[in-house]
Structure formats: structure tokens, C-alpha cells
Amino acid sequence: MTEDRISCKKMKEILLHISDVVISEEGCLTDLDRACGDGDFGIGMLRGFTNVKQQVGSYEGDDLGELLMKAGFAITATVGGASGAVFGALFSSAGMRLKGKKEADLVELAKAFKASLDTIMKLGGAKPGDKTMVDALAPAIEALEAVARAGGSLKEAFEKAAEAAQKGAEATREMIAKKGKASYLGEKTLGYPDPGAVAVALIFRAISEKYNSN
């Protein structure tokens, strides 16, 4: 096993970069949600990740789990409805698994984000194929777990997870929404990627970019 670990300081840099990336894509996410929802998803993500920047930026501790929980709670507190709950859980559930740790290795991170996936699937009742964020998140977590089992590095794991999330998001173009507000539009959602899945792909791309920047 490659003995590389991610510190609280590095995770803070990653979360701030994720926030910048998601905020910069607000227009794209809004346009997608006009096709697959009610058009408010981009604004919600803008508000949520603006709050993440504030909460994470002001955090001066060294508890990796606590930092991730702050990010998650910042989203849940600012973004209404189901989006706030599930995107908040992406970070807060992982944080709960890592609470008390100053750093984590790939195996620990993969388990933490698997806990997030499990929580999100329970919260929304979504499964792969329903045209939701799960379609990008599940393959990303599977990629993390596969690299962890193979004894690979965090760098490789984040690269593979970003690729898997992007492929998963793209695959939602050919799906009919079965959950959430988009499900009422039925076949009208064909041809458009799910905004939540695209947001997950943006998040994992940002993780890989920032982790590999040093």
C-alpha cells in the first residue's frame, strides 16, 4: 500500500477549490436544471458553496472529519429541499466517519465516502439508473474502492474517481428521470445530463485537480 495520506490542511484547500469550481459553473447547472427540473439548482449550489467557502475558510482546527462536517452542514443550512440534504450528506456523512482524525489514507477515505453514498441513497431513495447524482457518485466511489484494494495512491484514486464520475454524469443523458422533480417531466429529460450528477462530476474533478496541483 502506498503510504500517502491526506491532511486536514490539504482537505481545506480541496474544499475551497471545489467551492470555486461549483460556483463558477452556476450558469451551466441552472441551464441544465431548466431542462430537467425547476431551474433553481444552480442558484442553490452557488449559495451552498459560498457558505462552504466561509465556514471552511474560517476553520482553524486540524480535525479532518470536523472540517468535512462543517462543509456538509454549510450546504444543508443554505440549500433548501432535497438538494441541500443530499449534497450536504456527501460531506457530512464522510466527516462523521473521519471525526477525530488529523489525516486519512485512501482506505479510510473510500470507506468514508461509501458511507456518504449509502446515506444519500437512503435519503432520496435513488439507485443507479434513476438519473440522479447517484449515477455519478456510485462509480466514483467504486473507483476509489478499486484503487484502494489494488494498493494504489491517492493521486491515482482521485484521477480514476473523477473519470468515473464524468462518465456517470454523461450516461445520464440517455436516462429518464425516476426521482425528484425531474421525474414529472419523464421522457422530456432525455438528451440532458442530470444536474446533480454533473455537480458530482465537477466536485470530483476539483478534488483531483487540487490534490495533484502540488
Side-chain angles (χ1 to χ4, degrees), residues 2-26 44-80 83-120 122-123 133 136-137 140-141 143-145 147-148 153-162 165 196 199-214:
T2 305
E3 289 297 324
D4 55 344
R5 303 175 71 81
I6 192 164
S7 66
C8 183
K9 179 184 176 184
K10 187 65 179 180
M11 185 61 78
K12 182 174 180 178
E13 293 173 4
I14 288 171
L15 289 169
L16 292 173
H17 183 57
I18 289 171
S19 300
D20 286 338
V21 168
V22 174
I23 288 167
S24 73
E25 295 291 341
E26 179 267 323
M45 290 292 100
L46 170 65
R47 289 176 182 154
F49 282 91
T50 298
N51 196 23
V52 170
K53 282 190 76 170
Q54 293 170 347
Q55 298 300 320
V56 167
S58 63
Y59 181 70
E60 296 181 353
D62 62 358
D63 187 319
L64 182 60
E66 190 173 64
L67 178 70
L68 285 164
M69 287 167 67
K70 273 192 172 293
F73 296 152
I75 294 169
T76 305
T78 319
V79 183
S83 294
V86 293
F87 276 90
L90 175 57
F91 299 102
S92 59
S93 292
M96 288 173 194
R97 288 293 298 261
L98 296 170
K99 195 163 178 7
K101 295 181 181 293
K102 294 183 178 181
E103 56 182 22
D105 62 19
L106 175 54
V107 172
E108 291 168 326
L109 279 175
K111 287 180 179 176
F113 280 107
K114 177 61 163 62
S116 296
L117 174 62
D118 291 344
T119 300
I120 287 165
K122 285 177 186 172
L123 278 172
M133 69 182 290
L137 184 57
I141 305 307
L144 290 179
E145 292 175 323
V147 176
S153 66
L154 282 167
K155 178 179 184 294
E156 180 190 0
F158 290 146
E159 287 173 352
K160 296 284 190 187
V200 169
L202 290 172
I203 288 167
F204 277 91
R205 187 191 82 196
I207 293 171
S208 181
E209 284 174 350
K210 193 63 183 177
Y211 185 78
N212 295 333
S213 64
N214 291 348

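The first residue in the sequence is number 1, and the count goes up from there.
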Just how far is it from atom [atom1] of [X] to atom [atom2] of [Y], taken to the nearest 0.5 Å?
{"X": "Met45", "Y": "Leu202", "atom1": "CE", "atom2": "CG", "result": "11.0 Å"}
{"X": "Ser208", "Y": "Glu156", "atom1": "OG", "atom2": "CD", "result": "11.0 Å"}
{"X": "Leu117", "Y": "Lys122", "atom1": "CG", "atom2": "NZ", "result": "10.5 Å"}
{"X": "Met69", "Y": "Tyr59", "atom1": "CE", "atom2": "OH", "result": "10.0 Å"}
{"X": "Glu26", "Y": "Thr50", "atom1": "CD", "atom2": "OG1", "result": "9.5 Å"}
{"X": "Ile18", "Y": "Lys210", "atom1": "CD1", "atom2": "NZ", "result": "11.5 Å"}

When you check the gap from the basic side-chain N to the acidic O, do [X] and [Y] get nearer than 4.0 Å?
{"X": "Asp118", "Y": "Lys114", "value": "yes"}
{"X": "Lys10", "Y": "Glu13", "value": "yes"}
{"X": "Lys101", "Y": "Glu108", "value": "yes"}
{"X": "Lys70", "Y": "Glu66", "value": "no"}

I want to check something: taking the side chain as every heavy atom from C-beta on, are [X] and [Y] in contact at a cut-off of under 4.5 Å?
{"X": "Leu144", "Y": "Leu109", "result": "no"}
{"X": "Val52", "Y": "Phe91", "result": "no"}
{"X": "Asp20", "Y": "Lys53", "result": "yes"}
{"X": "Leu137", "Y": "Phe204", "result": "yes"}

Examine distances only and state if a side-chain atom of [X] and a backbone atom of [Y] form a donor-acceptor pair shorter than 3.5 Å.
{"X": "Asp62", "Y": "Lys102", "answer": "no"}
{"X": "Asp4", "Y": "Leu154", "answer": "yes"}
{"X": "Asn51", "Y": "Ile75", "answer": "no"}
{"X": "Ser93", "Y": "Leu90", "answer": "no"}
{"X": "Ser24", "Y": "Val21", "answer": "yes"}
{"X": "Thr76", "Y": "Phe73", "answer": "no"}

One pair to check against side chain to side chain contact (heavy atoms under 4.5 Å, CB included): Leu64 and Arg5. What are the steps and the verdict?
CA-CA 11 Å; Leu64 182 60; Arg5 303 175 71 81; over 6 Å; no

For a quick test of reading the model, state the closest non-hydrogen atom pair linking [X] to [Y] and the distance between them.
{"X": "Ser153", "Y": "Leu106", "result": "O-CD2, 3.9 Å"}
{"X": "Ala89", "Y": "Ser92", "result": "CA-OG, 3.4 Å"}
{"X": "His17", "Y": "Ala206", "result": "CD2-O, 3.2 Å"}
{"X": "Ser7", "Y": "Glu103", "result": "CA-CB, 4.0 Å"}
{"X": "Gly95", "Y": "Leu68", "result": "CA-CB, 3.7 Å"}
{"X": "Met133", "Y": "Val86", "result": "SD-CG2, 3.5 Å"}

Within a radius of less than 6.0 Å around NZ of Lys12, do more than 12 heavy atoms belonging to other residues, nucleotides or ligands occur?
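Atom NZ in Lys12 is packed in, count exceeds 12.
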
Side chain to side chain contact (heavy atoms under 4.5 Å, CB included) between Ile120 and Phe87: does it pass, once the steps are laid out?
CA-CA 8 Å; Ile120 287 165; Phe87 276 90; over 6 Å; no

Would Ile14 and Ile6 count as a side chain to side chain contact (heavy atoms under 4.5 Å, CB included) here? Give the steps.
CA-CA 10 Å; Ile14 288 171; Ile6 192 164; 3.5 Å; yes

